[in-house]
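These notes concern the structure reproduced below.
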Amino acid sequence: MTDNLTSDSLLIKISKVISNFFNPIVSLIIYYIVLSYTPHASNLNVTDFFPILFILVIPVVVWIIWNVKKGHYTNMDVSNRKQRNSLYIVIVILCAIYLAYEFFRNGNKDTTVFFLLILLILMQISNFFIKSSMHTSLNIFVAFLFLKFSLPWGIFWIILSIIIGITRIILKRHTLAEVISGAVLGSLVGLAYYLVI
């Protein structure tokens, strides 16, 4: 009996580490860092992603931390379905601001963030019916981003996305249906990105 409890607690600890580390924000940052070091993207460097960091990533993190401290969000995962509505709205607005900045300042059309914006809008719509797993959805989307320039990275991230989805169920952050819903949304938008870009 004690061995079973120990293995269960070890599984939960491992699940927490995986789930916390590979949250959507960290996964996107890893994607951009890897992309900046790939040969075909040699004209990119890490500093090219500062606008994403300062317009999108940092404001989202600050927003979540502030709302957790104020008691508006239960936890950093924003696991409550009703609480997620404001998070989706903030992220969608920040994505739109970033896209406008890139277009008017540099003339760039950042298709990656544009498809991310589409995914987030679909996640917001789905949130009215089911709390789709954002961890699963965005990590599968990131897998398709990787697949566009590296088959090994893409396959690795698909496997990782499945593991992340399983951790979300183990931690009781999501049901199987919510993880599948997130996986479907991430796959649809990711496939559209892969085929269109």
Side-chain angles (χ1 to χ4, degrees), residues 15-32 34-35 52 56-57 59-61 63-64 67 73-96 98-99 110-148 150 153-197:
S15 296
K16 279 183 183 175
V17 169
I18 293 169
S19 184
N20 289 338
F21 184 77
F22 291 104
N23 68 63
I25 292 172
V26 171
S27 296
L28 282 167
I29 290 170
I30 291 170
Y31 164 74
Y32 279 112
V34 171
L35 180 65
I52 288 177
L56 195 54
V57 173
V60 169
V61 171
W63 174 264
I64 293 170
N67 276 285
Y73 293 165
T74 311
N75 54 43
M76 293 291 287
D77 281 348
V78 193
S79 296
N80 182 289
R81 197 165 121 199
K82 287 181 183 175
Q83 294 170 0
R84 276 193 175 197
N85 287 327
S86 64
L87 178 62
Y88 282 125
I89 291 167
V90 166
I91 299 173
V92 164
I93 290 169
L94 291 171
C95 281
Y98 168 77
L99 288 169
D110 191 325
T111 51
T112 302
V113 176
F114 177 73
F115 275 87
L116 174 64
L117 177 63
I118 291 170
L119 177 57
L120 289 164
I121 291 169
L122 291 175
M123 295 283 293
Q124 171 71 46
I125 293 167
S126 81
N127 197 51
F128 291 113
F129 308 99
I130 186 169
K131 185 184 76 173
S132 300
S133 170
M134 191 185 288
H135 275 68
T136 308
S137 183
L138 268 78
N139 273 291
I140 287 180
F141 176 68
V142 168
F144 277 97
L145 298 180
F146 276 124
L147 278 171
K148 195 70 182 171
S150 171
W153 270 100
I155 291 170
F156 168 76
W157 219 269
I158 287 170
I159 294 166
L160 182 62
S161 299
I162 292 166
I163 293 168
I164 291 165
I166 292 167
T167 68
R168 304 304 288 162
I169 296 167
I170 290 169
L171 296 172
K172 298 187 170 139
R173 298 288 193 204
H174 289 285
T175 64
L176 177 61
E178 291 167 349
V179 167
I180 290 171
S181 173
V184 168
L185 289 172
S187 297
L188 289 173
V189 177
L191 185 60
Y193 173 88
Y194 184 82
L195 295 174
V196 170
I197 303 307

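Heads up: numbering here begins at 1 and tracks the sequence.
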> What do the steps show when you test Ser132 against Asn127 for side chain to side chain contact (heavy atoms under 4.5 Å, CB included), and what is the final call?
Replying inline: CA-CA 6 Å; Ser132 300; Asn127 197 51; over 6 Å; no
> Can you check side chain to side chain contact (heavy atoms under 4.5 Å, CB included) on Trp63 and Val78, steps first, answer last?
Replying inline: CA-CA 11 Å; Trp63 174 264; Val78 193; over 6 Å; no
> For Val196 and Phe115, what are the C-alpha separation, side-chain angles and deciding distance, and is it a side chain to side chain contact (heavy atoms under 4.5 Å, CB included)?
Replying inline: CA-CA 10 Å; Val196 170; Phe115 275 87; 4.3 Å; yes
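Across all their heavy atoms, Thr175 and Glu178 have their closest contact at N-OE1, 2.9 Å. Shortest non-hydrogen contact noted between Leu171 and Ser15 is CD1-O, 3.7 Å. Nearest heavy atoms, Lys148 versus Tyr194: NZ-O, 2.7 Å. The shortest heavy-atom contact between Ala143 and Ile158 is CB-CG1, 3.6 Å. Taking every heavy atom of both residues into account, Ser86 and Tyr73 meet most closely at OG-OH, 2.7 Å. Here the shortest heavy-atom pairing between Ser181 and Ile130 reads OG-CG2, 3.6 Å.
Applying the salt bridge (charged side-chain N to carboxylate O under 4.0 Å, His left out) rule to Arg84 yields no partners; only residues at least two apart in sequence or on another chain are considered. With sequence neighbours left out, the ring pair (Phe, Tyr, Trp, His ring centres under 6.0 Å) criterion links Phe22 to Trp157.
Between Ile52 and Asp110, the closest side-chain pair of non-hydrogen atoms falls below 4.5 Å. Inter-residue side-chain proximity for Phe141 and Ile118 is flagged as unmet; no heavy-atom pair is nearer than 4.5 Å. The side-chain heavy atoms of Ser19 and Arg173, taken from C-beta on, include no pair separated by under 4.5 Å. Looking at Asp77 and His135, their side chains come closer than 4.5 Å, going by heavy atoms from C-beta outward. In this structure the side chain of Ser27 never reaches within 4.5 angstrom of the side chain of Leu138, judged on heavy atoms. Annotation: side chain of Asn20 is not in contact with side chain of Met76 (no heavy-atom distance under 4.5 Å). Side-chain contact between Gln124 and Val92 is absent, with no heavy atoms from C-beta onward closer than 4.5 Å. Contact annotation: the side chain of Tyr193 never approaches that of Leu119 to less than 4.5 Å [non-hydrogen atoms, C-beta and beyond].
From Ile164, atom CD1 reaches atom CG of Asn23 across 9.0 Å, with rounding to the nearest 0.5 Å. One finds the OG1 atom of Thr167 at 6.0 Å from the CD1 atom of Ile18 (value rounded to the nearest 0.5 Å). The line from CD1 of Ile25 to CE of Met134 is 9.0 Å long, rounded to the nearest 0.5 Å. To the nearest 0.5 Å, atom CG of residue Leu35 and atom OG1 of residue Thr112 are 7.5 Å apart. Taken from OG in Ser150 to OH in Tyr31, the straight-line distance is 10.5 Å, to the nearest 0.5 Å. The distance from atom CG of Leu145 to atom OG1 of Thr111, rounded to the nearest 0.5 Å, is 9.0 Å.
Lys131 contributes no side-chain N or O that, together with a main-chain N or O of Asn80, makes up a donor-acceptor pair within less than 3.5 Å.
No more than 12 heavy-atom neighbours from other residues, nucleotides or ligands sit within 6.0 angstrom of CZ on Phe114.
Screening residues 165-185 for ring pair (Phe, Tyr, Trp, His ring centres under 6.0 Å) gives no qualifying pairs among residues at least two apart or on separate chains.
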